[in-house]
A.B. asks: 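This is the structure, below, for whatever I ask next.
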Amino acid sequence: MGTHRIFGHVPGYREGYEFSSRLDLSASGVHAPRQAGISGSQREGADSIVLSGKYEDDEDHGNLLIYTGHGGRDPESGKQVTDQELVRNNLALALSCQKGLPVRVIRGSDPGNPFAPPEGYRYDGLFRVEDYWRETGRSGFTVWRFRLRKIDQE
DNA sequence: TCCATGCGCGGCC
DNA sequence: GGCCGCGCAGTGG
């Protein structure tokens, strides 16, 4: 499946399409990983991300996102417990920034986020990674942050 | 290899 | 019905 990574819209799934679960989302090809928030590879770049509201340093401003890289979290508490590194899918997102590749954004339900769907997951269109940097997160550990802005459609 | 922004279920109120 | 904690599962990066 990883041999045919699609950048941009996946045929048959327009912006606003809703999925009931990560399994459905995975089967569609809009976001293949069943758990991970970032889909991509270090060689090609990242093609999609999921926002679920579970990363303490994430910010959702609608057309502007600050997305946190992965890694360094305690699986039980969800808190950052070590520094994140620019490897694996964090590096894939950085590559998407350098190449200017479109990234599909999927939002998962999140009661605290007015931009999130009430339930399940929703494809919210294409964004570009404008910038990325390393900083100290709320936890005090290093996190990688990615700023994504929605691509205007005509 | 090992991790990953799940998920269902049962207990409890 | 809703919340929460537990632990299993299965695949792609």
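Chain A is the first sequence line, chain B the second, and so forth, proteins listed ahead of strands; every chain is numbered from 1.
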A.B. asks: Is the shortest distance from a Lys or Arg side-chain nitrogen in R149(A) or E130(A) to a carboxylate oxygen in the other one below 4.0 Å?
C.D. replies: yes

A.B. asks: Whole angstrom is fine here: how far is it from NE2 in H70(A) over to P in dG12(C)?
C.D. replies: 17 Å

A.B. asks: If the threshold is 4.0 Å, N to carboxylate O, is there a salt bridge linking D124(A) and R107(A)?
C.D. replies: yes

A.B. asks: Collect all protein-nucleotide pairs involving nucleotides 5-11 of chain C in which both atoms are nitrogen or oxygen and the distance is under 3.5 Å.
C.D. replies:
residue : atom : partner : partner atom : Å
dA9(C)  : N1   : Q35(A)  : OE1          : 3.3
dG10(C) : O3'  : R34(A)  : NH1          : 3.1
dG10(C) : N1   : Q35(A)  : OE1          : 3.2
dG10(C) : N2   : Q35(A)  : OE1          : 2.0

A.B. asks: Measure the CG-CZ distance between L23(A) and R34(A) for me, rounded to the nearest 0.5 Å.
C.D. replies: 4.5 Å

A.B. asks: Using only heavy-atom distances, determine whether the side chains of Y123(A) and H9(A) contain a donor-acceptor pair under 3.5 Å.
C.D. replies: yes

A.B. asks: Mind checking if I49(A) touches a base, just sugar-phosphate, or nothing, with heavy atoms under 4.0 Å?
C.D. replies: nothing

A.B. asks: Between A46(A) and L93(A), what is the shortest heavy-atom contact and its length?
C.D. replies: CB-CD2, 3.7 Å

A.B. asks: Give me the atom names and distance for the closest heavy-atom approach of F7(A) to G45(A).
C.D. replies: CZ-O, 3.9 Å

A.B. asks: Please give the nucleotide sitting opposite dC4(C) as a Watson-Crick or G-U wobble pair, both distances under 3.5 Å, or none.
C.D. replies: dG10(B)

A.B. asks: Name the first nucleotide and the last nucleotide along DNA chain B (5' to 3') that come under 4.0 Å of a heavy atom in chain A.
C.D. replies: dC2(B) to dC7(B)

A.B. asks: Without decimals, in angstroms, what is the distance between R43(A) CZ and dG13(C) P?
C.D. replies: 12 Å

A.B. asks: Between G69(A) and R88(A), which has a closest nucleotide on DNA chain B that is more 5'?
C.D. replies: R88(A)

A.B. asks: NA contact type, G71(A), heavy-atom cut-off 4.0 Å: base, sugar-phosphate, or nothing?
C.D. replies: sugar-phosphate

A.B. asks: Both Y121(A) and A36(A) contact DNA chain B. Which one's nearest nucleotide lies toward the 5' end?
C.D. replies: A36(A)

A.B. asks: According to the Watson-Crick and G-U wobble definitions, with both distances under 3.5 Å, which nucleotide is paired to dC3(B)?
C.D. replies: dG12(C)

A.B. asks: Does the side chain of S39(A) come within less than 4.5 Å of R5(A)'s, by heavy atoms?
C.D. replies: yes

A.B. asks: Taking the side chain as everything from C-beta on, heavy atoms only, tell me whether R145(A) gets closer than 4.5 Å to E135(A).
C.D. replies: yes

A.B. asks: Indicate, with a heavy-atom threshold strictly under 4.0 Å, whether T68(A) touches base, sugar-phosphate, or nothing.
C.D. replies: base

A.B. asks: For Y55(A), does the six-membered ring have the charged nitrogen or CZ of R73(A) within the cation-pi criterion, i.e. under 6.0 angstrom from the centroid and within 45° of the normal?
C.D. replies: yes

